[in-house]
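Before any comments, here is the structure.
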Amino acid sequence: MRLGVNIDHIATLRNARGSIYPSPLDAAKIVESSGAHQITIHLREDRRHIMDNDVIEIIKNAKIDVNLEIGVTDEMIDIALEHKPKFVCLVPENRKERTTESGLSLDSINLQNTINRFHKQNIEVSLFIDPSIDNIKKSKKLNANFIELHTGNYSNSSSDKIVKELDLIKECAKFSKEIGIICNAGHGLNFDNVENIAKIYEINELNIGHSIICEAVFIGLESSIKKMIKIINRCRNY
Ligand code: PXP
């Protein structure tokens, strides 16, 4: 199973102070050296985390695949066609949402044309969809290379509903395989809930961001504090 690491929240931290660090490009290099298969970044219309220059630098320097998540707008399509990531994942975008809340609506007339334009440039297209058989059939008809099943409902489910959400994801992953469209998944996956999803053999790839970045803070906090204390002590000749 491939792992794409979504590094948007490195940019969130940087932008919170308007500083130049932490650098998403440095994070991308760590994603590469850690054995993950892909760097995932989401360029939002409001540029709340990843900025245009991050997209350019990461695509230019990455040694592993870059998956660029974008809304289906002329601006985003033009940026993706210009910089040519390996994969584009089309997502719905609502300005007020904290994160991508639902899957893409597949009935827009523009979608087929958009997918064709990416294919002409050898960019493979994934559609971020709510798990449903109908959405998978439509994605196949649109000739998308991948679907990414939105695991948000599964991740946020209370324990009485989780089995139903998980069964739906399993059913969708199996159906994707049967009709020949590659199935990825992501959103809200964390160290506790990922196992059920990772056990579904029909899923090709997971894209995980928030939980990995959050865990990194705690795994790294102690060494970061010790590093600062060491510098201070050195200055005081301790
Ligand atoms: N996949 C898609 C299409 C997303 O939009 C996101 C969030 O940007 C993710 C995966 C990663 O979600 P999370 O940050 O909750 O792991």
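Remember, it's 1-based here, ligands and their atoms both numbered in the order they're listed.
Comparing Cys89, Pro92, Gly209 against atom 16 (O) of ligand 1, the shortest heavy-atom distance belongs to Gly209.
Ligand-side atoms of ligand 1 in range of Val91: 3 (C), range being under 4.0 angstrom from any heavy atom. Near Gly188, meaning under 4.0 Å from any of its heavy atoms, are these atoms of ligand 1: 12 (O), 13 (P), 15 (O), 16 (O). Each of the atoms 10 (C), 11 (C) of ligand 1 lies under 4.0 Å from some heavy atom of Asn207. Atoms of ligand 1 lying under 4.0 Å from any heavy atom of Ile208, numbered from 1 in the order shown and given with element: 16 (O).
Scanning the protein for heavy atoms near atom 10 (C) of ligand 1, the closest one is Glu148 OE2, 3.3 Å. In terms of protein heavy-atom proximity, atom 2 (C) of ligand 1 is closest to Glu69 OE2, 3.0 Å. Remark: minimum distance from atom 12 (O) of ligand 1 to any protein heavy atom is reached at His187 CA, 3.5 Å.
Taking both residues in full, the closest heavy atoms of Leu25 and Glu57 are given as CD1-O, 3.8 Å, listed atom of the first, atom of the second, then distance. The minimum heavy-atom distance linking Asn207 with Thr40 is given by the pair OD1-OG1, 2.7 Å.
Of the N or O atoms in Gly186, none lie within a sub-3.5 Å distance of an N or O in ligand 1. Residue His9 places no N or O, backbone or side chain, under 3.5 Å from any N or O of ligand 1. Residue His210 has at least one N or O atom closer than 3.5 Å to an N or O atom of ligand 1.
Using a 4.0 angstrom heavy-atom cutoff, Ser211 does not count as in contact with ligand 1.
With hydrophobic clusters built from ILVMFWY side chains whose heavy atoms lie under 4.5 angstrom apart, Leu189 does not share a cluster with Tyr201.
In this structure, Glu178 does not pair ionically with Lys174, as no charged nitrogen and carboxylate oxygen lie closer than 4.0 Å. Salt-bridge check for Arg44 with Asp8: failed, with every basic side-chain N at 4.0 Å or more from each acidic carboxylate O. Using a 4.0 Å cut-off between a side-chain N of Lys or Arg and a carboxylate O of Asp or Glu, Asp46 and Arg48 qualify as a salt bridge. Note on Asp26 versus Arg14: no salt bridge recorded, every NZ/NE/NH1/NH2 to OD/OE distance being 4.0 Å or above.
In this structure, the side chain of Arg47 engages the main chain of Glu45 through a donor-acceptor pair within 3.5 Å.
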